[in-house]
Amino acid sequence: MKSAYGRTVPAPRIELTHVEAGSPMGEVLRRYWQPVCLSEELTDVPKKVRILCEDLVVFRTGDGEVGCLDPHCAHRGSSLEYGRIEKSGIRCCYHGWLYSPEGRVLEMPCEAAGTCERMSVEQPGYPVKEFGGLVFVYMGPPDKQPLLPQFDVLDTSKGNVQLRGARIWGDYAIGYVRDCNWLQHYENVVDPWHVLVLHQAISGDQFESAMMQGRGEISFEPTTLGVRYKMTKALPNGNSLVRCSECVVPNIALIPNIREKGVELIEEDRCSDVTWVVPIDNEHVMALSIVAWPLENGKLKPDWRPGTDTISDIRPGHETARSYRERQLRPDDLEAQESQRPIAIHALERLAGSDVGVVRLRRLLAEQVKKVELGEDPMNVFRDPNQRIKTNAWNSVVKQLELSDS
Ligand code: FES
Ligand SMILES: [Fe+2]
């Protein structure tokens, strides 16, 4: 036996895992719009969020404008999370300085007339955009601000879907926030082998889908946007499932319907959601998605996925309250990923053939770090407003014969 006595634990690979401002990956992630919360979460009180190791306060004014500011009031530091939302901005609870969504101080009620104009105080903050039911912020250098990506799967021009923001992950997972580094959560997207072990052999069939049936082959491919896996499964019913799941660098996951049954023939049924894997800080991650919910006769299609009527049904809330014993007997992604350590130690890993997707993803991320260090745009920074981005994740169900012919 190799004794564990005296073993040492190397440091995590900071270059890819740490996300604070000034860290290599923190600077990469700050070159993209990142979602911070759902639009519907902005109510009559401000919302404090933490993202990329920074605390921020997000709010919607009475006029409907959204702002995202440093929480600590420029006067003497009280947090704007306790501020009062008014028609034109947010008012600090302590001495009443009123901030516009852009951070300009509009009123200083305790000061002599003219003081506000003379001092011309500005609170630091970030630009905000709302899209698809999510609130996005851009936390990078102002002169590098890109456009929000226009993914093909979120195209509403045909009028057959409605975009809705959601705190979901795929279709089956536990907890909206994970207590671990963002990268070990993200890598899961290009780790199809774990589906067959964790979600099937160990914990029972957790997806009840074609993915879990028959014999299969798995490969990994570079895509225009990142990397994907391709799983081909010969199903007992004579059909084959061809499934591709994609990581869109640096932190977007495209996971097609994991509950596809493989009964009806389908051609490239693309993802119905785009999910951002958003680091809260170095040891916590959350997922925010835009779901393209199908419409039927102009209304949201009910029971669109098996057993789901609303977005909150997609992620069964009760799954978060499992006992330790139950989690040991039937672990899920949460148990597998959080227990890799708060930040997985790459130097201790013994990577093998099934990890090719993970290795390619890490390599791509390291390349983006280099690009940003050289002053270049990293990949998937879009600046053409007419560019519709073609994604590469889908399920197809074909006759087994067609597959062997092609
Ligand atoms: S601390 Fe905010 S107004 Fe004084
Ligand atoms: Fe999983």
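Every value quoted in this text rests on a predicted model; they were computed, and no experiment measured them. Residue numbers count from 1 along this sequence. All ligand and atom numbering here is 1-based and tracks the order in the structure.
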Can you tell me, to 10 degrees, how wide the angle at the Fe ion (ligand 2) is between NE2 on H194 and OD1 on D333?
90°
Under a 4.0 Å heavy-atom cut-off, what residues line ligand 1?
C73, H75, R76, G77, S78, C92, Y94, H95, G96, W97
For H75 and H95, take the angle between the two ring planes, folded into 0 to 90°, and tell me which bin it lands in: parallel under 30, tilted 30 to 60, perpendicular over 60.
perpendicular
Heavy atoms only: give me the nearest V285-N181 pair and the separation to one decimal.
CG1-O, 4.4 Å
For W33 and Y138, take the angle between the two ring planes, folded into 0 to 90°, and tell me which bin it lands in: parallel under 30, tilted 30 to 60, perpendicular over 60.
tilted
Would you call the rings of Y99 and W97 parallel, tilted or perpendicular, taking 30° and 60° as the class edges?
tilted
Below 3.5 Å, can you tabulate the donor-acceptor pairs from side chains in residues 50-69 to any protein atom, sequence neighbours excluded?
| unit_1 | atom_1 | unit_2 | atom_2 | d |
| --- | --- | --- | --- | --- |
| R50 | NE | D281 | OD2 | 3.4 |
| R50 | NH1 | C53 | O | 3.3 |
| R50 | NH1 | D55 | OD1 | 3.3 |
| E54 | OE1 | Y126 | OH | 2.6 |
| E54 | OE2 | R30 | NE | 3.4 |
| E54 | OE2 | R30 | NH2 | 2.8 |
| E54 | OE2 | Y126 | OH | 3.2 |
| R60 | NH1 | E130 | OE1 | 3.0 |
| R60 | NH1 | E130 | OE2 | 3.4 |
| R60 | NH2 | S39 | O | 3.2 |
| R60 | NH2 | E130 | OE2 | 2.9 |
| T61 | OG1 | D63 | N | 3.2 |
| T61 | OG1 | G64 | N | 3.3 |
| T61 | OG1 | E65 | N | 3.1 |
| T61 | OG1 | E65 | O | 3.4 |
| T61 | OG1 | K87 | O | 3.4 |
| D63 | OD1 | K87 | NZ | 2.7 |

Applying the side-chain contact (heavy atoms from CB on, under 4.5 Å) criterion to N395, which one of M231, R243, M211 satisfies it?
R243
